[in-house]
Amino acid sequence: MRFSKNVVKYRIPILVLTAFLMIPSIIGMAATRVNYDMLTYLPDDMETVVGQEALLEDFHKGAFTFLILEDMPTKDAASMKKKVEAIDHVDTVLWYDSLADISMPMEFLPDSLSSQFNTDHSTMMAIFFDTGTSDDQTMDAVKEIRKVCGEQCFVSGMTALVVDLKDLCEQEEPVYVGLAVLLSCIAMLLLLDSWLIPFLFLASVGAMILLNLGTNIFFGEISYITKALSAVLQLAVTMDYSIFLWHSYNEQLDHYEQKTDAMAAAIHKTLNSVVGSSITTVAGFIALCFMSFTLGRDLGLVMAKGVLLGVLGCVTVLPSLILVLDRPLQKTRHRPLIPDMQNISQKIIRFFPVFALLFVILIPPAFYGYRKANGEVYYNIAETLPKEMNYIISTSKLQEEFNIGSTHMVLTDAGLSAKEVKEMSREMEQVDGVKYVLGLESVVGSRIPEEILPSGVKEILESDQWELLLINSEYEVASDEVNTQLESLNRILKSHDQTGMLIGEAPCMKDMIETTDHDFKVVTAISMLAIFLIILLVEKSISLPVILISVIELGIFINLGLPHYLGQSMAFITPICISTIQLGATVDYAILMTTRYKTERIAGTEKREAVRKALYISIPSVLVSGAGLFAATFGVAVYSDIEMIHSMCMLMARGAVISVLLVILVLPAMFMLFDGLICRTTLDMRTVLKK
């Protein structure tokens with residue numbers, strides 16, 4: 001109670017301090033770098049990541065892209081190449097005149113190469129940068145290339161994707177927050193008993209969201225997924241705590257004459273309840289930190305921090321606001337629009353066998369859909385972006401004009417003989433979908449004598465330690481065909497050079513597919529185990545954790561299984577995040593009802609009446625909590641043009657509805673069926689059966 005009394009006593013300084021902290025929070029939020037490249041979250045020890053570092057260190061080449069120039073004469077294209085080469089952080093532009101003097105007839109080039117650089121209407125240049133794919137300098141360079149080359153220029157590659165994705169996110173993110181706030185506010189205005197209190201909730205939670213986003217600067221950078229979702233998720237999962245405090249405060253007003261005393265008692269009661277409730281949510285987010293694909297750690301740490309700050313704001317900032325504005329709050333009270341749940345709760349208990357049977361019937365199709373949908377996720381984010389995006393248009397041009405779906409790079413030992421490299425290149429060109437392999441040996445020894453090659457060619461393709469080969473493939477990144485192709489190419493590479501490395505966007509994406517598939521199993525197991533242990537300790541029961549997690553897990557199976565039956569696909573990260581977030585955030589609904597059920601049974605209430613009372617009292621809170629999570633995420637899902645954001649928010653909104661229905665309809669049936677088992681396996685309920 002000492003903490004609670006101090007909050008009440010120092011309510012004005014708390015509000016002043018909170019307002020002051022918003023200034024560095026806004027500055028920190030603006031200064032936190034956002035990473036838009038998913039591939040940077042691969043483990044550092046992976047060969048593809050090690051290879052990218054070697055490419056940057058030995059060749060001073062990081063990012064790679066293709067530049068397509070349409071309907072441009074050769075001399076103009078050569079002039080444009082010089083302009084591109086002059087742009088900061090452009091290391092190399094590889095084109096026709098890189099292999100021979102521009103005055104040399106193109107017929108001197110090998111047919112396989114001349115046809116790859118030119119079509120009837122377009123010419124193609126390969127551009128290397130001396131900085132990484134998602135570095136700010138590389139993104140600025142791509143923007144400058146587009147500016148210099150004008151409308152005839154089409155830039156593909158991961159950096160171009162990152163640039164366009166960043167622009168789209170920066171346009172949409174303010175709308176995400178606005179929609180989440182608007183719809184959450186509408187939900188609370190309808191479901192709570194005051195016209196003013198929703199705005200105080202939003203002020204309190206909003207301050208903690210800003211504080212969370214501002215303190216992300218200590219991480220150095222966060223992913224665009226984290227930035228886009230963290231504010232929405234924090235609003236959705238921490239609003240419950242504010243609702244609990246408000247209800248508790250109004251209850252305590254009946255027991256205390258002074259509003260300050262009532263608030264102190266409400267803070268104390270809320271703190272005890274909210275800490276227990278928030279632990280499961282934090283556990284769900286912390287489970288994401290065990291992903292080897294470190295995007296999970298990025299989102300998990302930010303959201304766990306956000307939940308803890310949400311608890312802090314609920315018991316400090318919100319009580320201070322309520323006390324300062326108590327008079328207008330009381331004047332704007334109204335009857336809640338949620339109808340009385342007496343009759344509904346009685347009917348649910350009466351028909352509990354139906355809901356228990358429904359639970360059993362739903363398990364097989366839900367689990368089948370869940371397993372199938374997990375195998376139908378997509379990894380190529382570009383496929384789901386708006387078709388008018390510059391990157392999408394450029395990639396389409398590359399495929400249509402040059403039949404290039406992806407480009408791989410090979411780093412092979414510079415000490416390998418020219419004969420060995422030529423043999424390896426020939427074998428690689430026989431692999432399905434490989435258009436050609438470009439290396440020093442594919443130019444030298446053809447019809448171009450080595451002595452007339454421009455001096456820079458050897459520097460482009462060879463260093464003291466490595467020789468660089470470029471492989472153009474007809475297959476798109478993240479497709480089954482390209483992954484099979486990569487396996488064949490890697491076998492050939494290793495047969496000639498055990499130290500050789502196959503790198504590029506497609507190999508990195510293949511590693512990401514394998515990594516996240518393993519991560520899904522690990523994170524799901526850890527989140528379930530952690531929440532099982534938390535419920536076991538909170539409820540002092542062996543059976544209750546199994547029952548509660550079973551009910552919520554069915555909701556997760558239904559939610560993640562529906563895309564299979566609806567013919568939809570999900571982003572690769574969606575099942576991992578949804579399985580932990582839905583479990584961590586909505587198991588609180590089940591814990592709330594369980595705690596009330598236990599209280600009634602321990603007090604001597606007969607089984608049926610105890611379950612009915614627990615249901616009757618819990619329904620309004622569960623509905624309000626579920627409506628908050630639904631409202632905060634549904635608007636974002638409908639609005640977003642970024643499929644990954646749309647998919648995750650849609651499943652969170654749908655998951656909230658499914659979990660609410662299962663807790664209200666199925667959980668009471670579980671209590672009715674397993675009451676005897678629960679009493680025997682719960683520490684403080686063993687005496688119930690003896691009464």
Do [X] and [Y] have side-chain N/O donor and acceptor atoms under 3.5 Å apart?
| X | Y | result |
| --- | --- | --- |
| Thr594 | Glu539 | no |
| Thr605 | Lys613 | no |
| Thr280 | Asp588 | yes |
| Tyr176 | Ser640 | yes |
| Asn216 | Lys305 | yes |
| Ser223 | Asn35 | no |

Of the non-hydrogen atoms in [X] and [Y], which two are nearest, and what is the gap between them?
| X | Y | result |
| --- | --- | --- |
| Ala203 | Leu321 | CB-CD1, 4.2 Å |
| Thr580 | Ala287 | CG2-CB, 4.4 Å |
| Ser230 | Leu213 | OG-CD2, 3.3 Å |
| Phe199 | Leu189 | CE1-CD2, 4.3 Å |
| Gly306 | Gln234 | O-NE2, 3.3 Å |
| Cys649 | Val636 | SG-CG1, 3.6 Å |

Can Lys607 and Asp675 be counted as an ion pair, charged N to O under 4.0 angstrom?
-> no

Determine, for Lys269 against Glu251, whether the closest basic-nitrogen to carboxylate-oxygen distance falls under 4.0 angstrom.
-> yes

Is any side-chain heavy atom of [X] less than 4.5 Å from a side-chain heavy atom of [Y]?
| X | Y | result |
| --- | --- | --- |
| Thr238 | Leu309 | no |
| Leu190 | Ile186 | yes |
| Met652 | Asn559 | no |
| Leu235 | Met239 | yes |
| Met670 | Val551 | yes |
| Leu312 | Val317 | no |
| Thr18 | Leu211 | no |
| Cys169 | Ile642 | yes |

Within the distance-only criterion (no hydrogens, no angle test), does the side chain of [X] pair as donor or acceptor with the backbone N or O of [Y] below 3.5 angstrom?
| X | Y | value |
| --- | --- | --- |
| Ser647 | Met644 | no |
| Ser625 | Val622 | no |
| Thr215 | Asn212 | yes |
| Arg11 | Val8 | yes |
| Ser25 | Leu21 | yes |
| His268 | Ser4 | no |
| Gln258 | Asp261 | no |
| Thr294 | Arg297 | no |
| Ser184 | Val181 | no |
| Ser194 | Ile197 | yes |

Straight-line distance of [X] [atom1] to [Y] [atom2], nearest 0.5 Å:
| X | Y | atom1 | atom2 | result |
| --- | --- | --- | --- | --- |
| Leu536 | Ser543 | CG | OG | 9.5 Å |
| Cys577 | Met570 | SG | CE | 11.5 Å |
| Lys9 | Ser320 | NZ | OG | 14.0 Å |
| Ile542 | Arg680 | CD1 | CZ | 14.5 Å |
| Leu662 | Phe355 | CG | CZ | 11.0 Å |
| Ile581 | Met303 | CD1 | CE | 7.0 Å |

Should we count [atom1] of [X] as having more than 12 external heavy atoms under 6.0 Å?
| X | atom1 | answer |
| --- | --- | --- |
| Lys5 | NZ | no |
| Phe3 | CZ | yes |
| Arg371 | CZ | no |
| Asp44 | CG | no |
| Gln342 | CD | yes |

Parallel, tilted or perpendicular: rings of Trp246 and Tyr249 (30°, 60°) = tilted

Got a sec, which pairs hit ring-ring contact (aromatic ring centres under 6.0 Å, His included) with one end in residues 657-682, sequence neighbours left out?
-> Tyr597-Phe671

Please walk me through it: do Thr586 and Ser659 pass side chain to side chain donor-acceptor pair (under 3.5 Å)?
-> CA-CA 6 Å; Thr586 65; Ser659 290; 3.1 Å; yes

